[in-house]
Structure formats: structure tokens, C-alpha cells
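Data block below; observations after.
What you see is a predicted model, and the numbers here were worked out from it, not measured in a lab.
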Amino acid sequence: QVQLVESGGGLVQPGGSLKLSCAASGSIFSINSMGWYRQAPGKQREFIAVIFSGGGSNYADSVKGRFTISRDNAKNTVCLQINNLKPEDTAVYYCNAHIMTWASSLPRGYWGQGTQVTVSS
């Protein structure tokens with residue numbers, strides 16, 4: 001089994017910063033990609049950023065310049081630094097990872113439980 005646990009969410013004022021973290025644990029053989037998504041109230045879950053085991057990354061156009069994804073392969077963790085937060089960034093942020101376990105021959109996607117980010121004055 002694999003678990004993804006996010007942390008770091010909270011209430012922040014506009015213009016502030018947050019750093020979200022996600023730790024993967026369990027019967028992990030390898031992790032291909034790790035990334036972040038978010039879901040605002042009444043909206044569909046949307047892609048934010050992804051980082052691959054080799055270090056390459058992609059971002060949604062809407063967050064380029066304010067969001068930075070990073071990864072520690074040794075600790076199976078991924079972080080998302082968010083700067084200059086805006087009210088429209090308010091959402092539940094979810095960690096996602098494509099993981100191959102010791103029991104499987106193919107990687108599959110896993111999700112964390114989400115962490116709430118609220119941007120408000």
C-alpha cells in the first residue's frame with residue numbers, strides 16, 4: 001500500500017506565501033512523477049505542476065512565476081512553494097504521484113487527501 005500525506009495548508013493573506021509538502025510512504029519501488037492539483041469550490045480539479053524523477057518539471061500557465069515545485073527523491077517528498085497568493089488560489093490542494101510498488105509491474109496514480117489553502121484578508 002501507498003499513502004500520500006499533504007501538509008502546509010492554511011489561511012494566508014493576499015500577497016503572502018505558503019509551502020505545501022507531500023510525503024509518500026509504503027511499499028514503494030520507484031516514483032516516476034510527483035505533482036500538485038487543486039480544486040476550488042464548485043470547480044473541477046485542475047493541474048498545477050509536475051516534477052519528474054530526473055528533475056524536469058511542467059507548470060500550468062496560470063501559476064507560472066508564482067509557484068515552484070521541488071522534490072527530494074531520497075525522502076519521497078514533493079513540495080510546492082506558492083508566492084504572492086491571491087484569493088483565487090483558494091482551493092484544496094492535492095498531491096499526486098505515479099508510483100510503482102514492489103507488488104506491481106506497472107506504475108499507477110495515487111492521491112493524497114488534500115490540504116486546504118484559503119487566501120483572505
Side-chain angles (χ1 to χ4, degrees):
Q1 291 193 356
V2 172
Q3 299 83 36
L4 298 180
V5 179
E6 302 101 332
S7 61
L11 173 65
V12 63
Q13 292 186 342
S17 298
L18 275 179
K19 187 172 186 178
L20 306 181
S21 298
C22 172
S25 63
S27 182
I28 297 171
F29 174 74
S30 65
I31 302 179
N32 181 6
S33 63
M34 301 187 81
W36 292 92
Y37 289 69
R38 67 184 178 185
Q39 188 166 17
K43 295 187 177 181
Q44 290 187 335
R45 191 172 298 188
E46 65 172 347
F47 165 79
I48 297 174
V50 63
I51 187 166
F52 301 95
S53 57
S57 61
N58 289 323
Y59 294 88
D61 288 341
S62 61
V63 305
K64 285 180 180 177
R66 294 193 299 122
F67 289 36
T68 303
I69 192 169
S70 60
R71 176 173 173 173
D72 186 330
N73 290 331
K75 297 182 178 179
N76 291 336
T77 59
V78 62
C79 293
L80 186 70
Q81 176 69 43
I82 311 174
N83 297 326
N84 190 23
L85 277 154
K86 304 176 181 181
E88 52 264 40
D89 294 320
T90 295
V92 178
Y93 285 70
Y94 295 92
C95 176
N96 171 265
H98 282 79
I99 296 172
M100 182 179 292
T101 67
W102 289 99
S104 68
S105 58
L106 292 173
R108 55 154 286 193
Y110 293 85
W111 292 93
Q113 81 287 351
T115 185
Q116 177 71 46
V117 172
T118 302
V119 185
S120 175
S121 56

Do [X] and [Y] have side chains that get closer than 4.5 Å, going by heavy atoms?
X: Asn96; Y: Trp36; value: no
X: Ile82; Y: Tyr93; value: yes
X: Phe29; Y: Thr101; value: no
X: Ser53; Y: Arg71; value: yes

Let me see the working for Thr118 and Val12 under side-chain contact (heavy atoms from CB on, under 4.5 Å), right down to the final yes or no. CA-CA 6 Å; Thr118 302; Val12 63; over 6 Å; no
Q) Between the main-chain N or O of Asn84 and the side-chain N or O of Arg66, is there a donor-acceptor pair closer than 3.5 Å? A) yes
Subject >> Side chain Gln116, main chain Gly10, donor-acceptor under 3.5 Å >> reply: no
[atom1] of [X] to [atom2] of [Y]: how many Å apart, nearest 0.5 Å?
X: Asp72; Y: Met34; atom1: CG; atom2: CE; answer: 10.0 Å
X: Leu18; Y: Leu11; atom1: CG; atom2: CG; answer: 9.0 Å
X: Phe67; Y: Ser57; atom1: CZ; atom2: OG; answer: 14.0 Å
X: Ser62; Y: Glu88; atom1: OG; atom2: CD; answer: 10.0 Å

Sequence neighbours excluded, the answer for ring pair (Phe, Tyr, Trp, His ring centres under 6.0 Å) partners of Phe52 is none
Please check if Ile48 and Ile69 belong to a single hydrophobic cluster, counting links between Ile, Leu, Val, Met, Phe, Trp and Tyr side chain heavy atoms closer than 4.5 Å. yes
So salt bridge (charged side-chain N to carboxylate O under 4.0 Å, His left out) across residues 98-121, not counting sequence neighbours, yields none
Residues 27-53 vs salt bridge (charged side-chain N to carboxylate O under 4.0 Å, His left out), sequence neighbours excluded, gives Arg38-Glu46, Arg38-Asp89
Checklist entry - Within a radius of less than 6.0 Å around CD of Gln44, do more than 12 heavy atoms belonging to other residues, nucleotides or ligands occur? => result no
Residues Ser17 and Asn83: side-chain donor-acceptor under 3.5 angstrom: yes
Ser25 meets the side chain to side chain contact (heavy atoms under 4.5 Å, CB included) criterion, sequence neighbours left out, with Gln3
Hits for side chain to side chain contact (heavy atoms under 4.5 Å, CB included) against Ile28, two or more places apart or cross-chain, chain-then-number order -> Val2, Ala24, Ile31, Asn76, Ile99
Taking all non-hydrogen atoms of both residues, which atom of [X] and which atom of [Y] are closest, and how far apart?
X: Val117; Y: Gly9; value: CG2-CA, 4.1 Å
X: Ala49; Y: Tyr59; value: CB-CD2, 3.6 Å
X: Cys95; Y: Val78; value: SG-CG1, 3.8 Å

Does the distance from Cys22 SG to Cys79 SG come in under 2.5 Å? no
Could you tell me whether Tyr37 and Phe47 have their ring centroids closer than 6.0 angstrom? yes
Sequence neighbours excluded, the answer for salt bridge (charged side-chain N to carboxylate O under 4.0 Å, His left out) partners of Lys64 is Asp61
